[in-house]
Amino acid sequence: MNIRNLTATAAIVLGALTNASWAEGSTDSKKSESTTIDIAGHVVPLVKGGLYDRYRSNPPLSVIASEAPEVDLSWFRQLKKERVDIGFESYSPNFYYQNSRVTAIFTADLETLRGLMPAKVLEQVQPLQVWPGRGLVALTAYSYRYCDNDSYNEIGLSVVTNKPGTTSFGPLTLLGQSMSNDFWGYVLKLPVNTELARVRGVVGYNLPKWLTDITYKETETSVVVDIFDSETRKIDVTLETRKLSDPSSKETLVTNSFTNVDPKGQLTTGYSVSRQLSHASSSSAESVKLTLTDGSLSTYIKALKLGNLVKYEYVPEFQGALYSPKPL
């Protein structure tokens, strides 16, 4: 098997490296009555009477069953939450009950990727080299339509890496992660469209989040995500992907972990587990159309010198559990 085939086989690495989302229900949330709360000194607006307003990341599953009787909660009943201090009081893991995502994996310039990662992180992990001079980045749009944090949209841009403390063997490491459904990455960018998601992500998970508009549109044949520039308010990046036919309904559990640095300069790691209920993939370049402008995120992506599409993942239905980060 050559390097390209190894990479394509293993490229489901995209998963939930960043864990987060674009929500169809977010428009309705904006029309709802709002209130504000304090999270680690930040004044955060949220939906009055929403899940987070009432339960602060710890809603009883009986409430979820009552509000969304169509959701299968059997997996969540096997997981135990614990109270944690992540710069504010919360509970881990955070539950995501109804979600979708689309992911596009591209090759990118290896030295550029290394240059964007902190030196302390590079002491533990390296971008996977899939062939000379080329690494991988995953661009993912998540739709958290119903979760402990109400609903929100998120775009993740991540470097695919090895596991901390292990030797990287490039495509062989990627293949091993793929076979075990245990993936690692470093998150470069993570815009979201609610202040609740931004503050929780920055303070609690040390993630590079900022607030901007993100719209999600679905046609009969495609998913279209527009990311707006937070300064100009103009469309910055558009990700248009094909709805793949006949997605598999075979339940698959995928773990995605990330390594980063907290405000004190300490290395931390966090992870999420995704229960994929409907999923399909393609390596056809026609499955994904990425449109870049002169916006700030587009300019950043252009600098990565993206190459060919390696793999596209269409996951119209999954559930998730995001665990709080801990020192590495």
Six-ring centre of Tyr314, Lys243 cation under 6.0 angstrom, axis tolerance 45° |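 Negative - Lys243 is either too far from the ring of Tyr314 or too far off its axis.
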Counting distance only, does the side-chain N/O of [X] pair as donor-acceptor with the main-chain N or O of [Y] below 3.5 Å?
X      : Y      : result
Thr173 : Asn162 : no
Ser66  : Ser62  : no
Lys120 : Gly265 : yes
Glu33  : Gly49  : no
Arg56  : Tyr52  : yes
Thr232 : Lys234 : yes
Ser151 : Tyr146 : no

[Y] reachable from [X] in the ILVMFWY side-chain graph, under 4.5 Å edges:
X      : Y      : value
Val202 : Leu322 : no
Leu297 : Leu211 : no
Met117 : Leu139 : yes
Val192 : Ile39  : yes
Phe228 : Leu290 : no

How long is the span from the [atom1] atom in [X] to the [atom2] atom in [Y], to the nearest 0.5 Å?
X      : Y      : atom1 : atom2 : value
Ile105 : Ser283 : CD1   : OG    : 11.0 Å
Ile86  : Tyr205 : CD1   : OH    : 4.5 Å
Thr299 : Leu292 : OG1   : CG    : 8.5 Å
Thr194 : Lys209 : OG1   : NZ    : 7.5 Å
Leu122 : Leu116 : CG    : CG    : 10.0 Å
Leu61  : Leu79  : CG    : CG    : 9.0 Å

Pair Tyr186 + Phe258: ring centers closer than 6.0 Å =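 They do not qualify: ring centres at least 6.0 Å apart.
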May I ask you to test the [X]-[Y] pair for a side-chain heavy-atom distance under 4.5 Å?
X      : Y      : value
Val237 : Thr291 : no
Thr259 : Trp184 : yes
Leu239 : Val102 : yes
Leu157 : Ile155 : no
His279 : Ser248 : yes
Leu46  : Ile37  : yes
Tyr300 : Leu188 : yes
Ile64  : Leu51  : yes

Under 4.0 Å between a Lys/Arg side-chain N and an Asp/Glu carboxylate O for Glu111 and Arg114?
->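 Here Glu111 pairs with Arg114 in a salt bridge, since their nearest N and O are under 4.0 Å apart.
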Taking 4.0 angstrom as the limit, do Glu220 and Arg242 come out as a salt bridge?
->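 No, no charged N to carboxylate O under 4.0 Å.
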Judged by modelled atom types alone, do [X] and [Y] share a side-chain donor-acceptor pair under 3.5 Å?
X      : Y      : value
Thr241 : Tyr312 : yes
Ser57  : Asn94  : yes
Ser143 : Asn99  : no
Ser90  : Arg200 : yes
Gln98  : Glu317 : no
Arg145 : Ser100 : yes
Ser222 : Thr219 : yes
Thr238 : Asp226 : yes
Asp262 : Thr268 : no

Please give me the minimum heavy-atom distance between [X] and [Y], naming the atom from each residue.
X      : Y      : answer
Gly156 : Leu190 : CA-CD1, 3.5 Å
Ser282 : Ser287 : OG-OG, 3.1 Å
Pro208 : Val187 : CG-O, 3.7 Å
Asn260 : Val121 : CA-CG2, 4.1 Å
Ile214 : Pro191 : CD1-O, 3.6 Å
Val63  : Arg54  : CG1-NH1, 4.1 Å

Is it the case that more than 12 heavy atoms not belonging to Lys302 sit under 6.0 Å from its NZ atom?
->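 Buried by this count: over 12 neighbours within 6.0 Å.
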State whether the number of non-hydrogen atoms from other residues, nucleotides or ligands found under 6.0 Å of Asp72 atom CG is greater than 12.
->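 Yes, because the 6.0 Å sphere around CG of Asp72 holds more than 12 heavy atoms from other groups.
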Ser298 and Asp236: side-chain hydrogen bond (donor to acceptor under 3.5 Å, both in side chains), yes or no, with the steps?
-> CA-CA 6 Å; Ser298 289; Asp236 189 343; 2.7 Å; yes
Worked check of side chain to side chain contact (heavy atoms under 4.5 Å, CB included) between Phe88 and Val203 = CA-CA 8 Å; Phe88 55 92; Val203 177; 3.8 Å; yes
Can you check side-chain hydrogen bond (donor to acceptor under 3.5 Å, both in side chains) on Asp229 and Ser296, steps first, answer last?
-> CA-CA 7 Å; Asp229 189 288; Ser296 57; 3.0 Å; yes
Report the C-alpha separation of Lys311 and Ser281 in whole Å, then their side-chain angles, then the decisive distance to 0.1 Å, and conclude whether the side chain to side chain contact (heavy atoms under 4.5 Å, CB included) test is met.
-> CA-CA 7 Å; Lys311 193 169 187 179; Ser281 63; 3.3 Å; yes
Please set out all donor-acceptor pairs under 3.5 angstrom arising from side-chain atoms of residues 164-171, sequence neighbours excluded.
unit_1	atom_1	unit_2	atom_2	d
Thr166	OG1	Lys163	O	2.6
Ser168	OG	Gly170	N	3.4

Kindly determine whether Tyr216 and Val224 satisfy side chain to side chain contact (heavy atoms under 4.5 Å, CB included), including the steps that lead there.
-> CA-CA 6 Å; Tyr216 165 72; Val224 182; over 6 Å; no
Could you please spell out the steps behind the side chain to side chain contact (heavy atoms under 4.5 Å, CB included) verdict for Lys305 and Thr107?
-> CA-CA 8 Å; Lys305 302 176 184 178; Thr107 65; over 6 Å; no
Would you please name every residue forming a side chain to side chain contact (heavy atoms under 4.5 Å, CB included) with Lys81, sequence neighbours left out?
->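 Counting only residues at least two positions away or on another chain, Lys81 forms a side chain to side chain contact (heavy atoms under 4.5 Å, CB included) with Asn58, Pro59, Tyr91, Pro93, Phe95, Asp148.
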Please work out whether the ring planes of Tyr96 and Tyr152 are parallel, tilted or perpendicular, with thresholds of 30° and 60°.
->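 Ring orientation, 0 to 90° scale: perpendicular.
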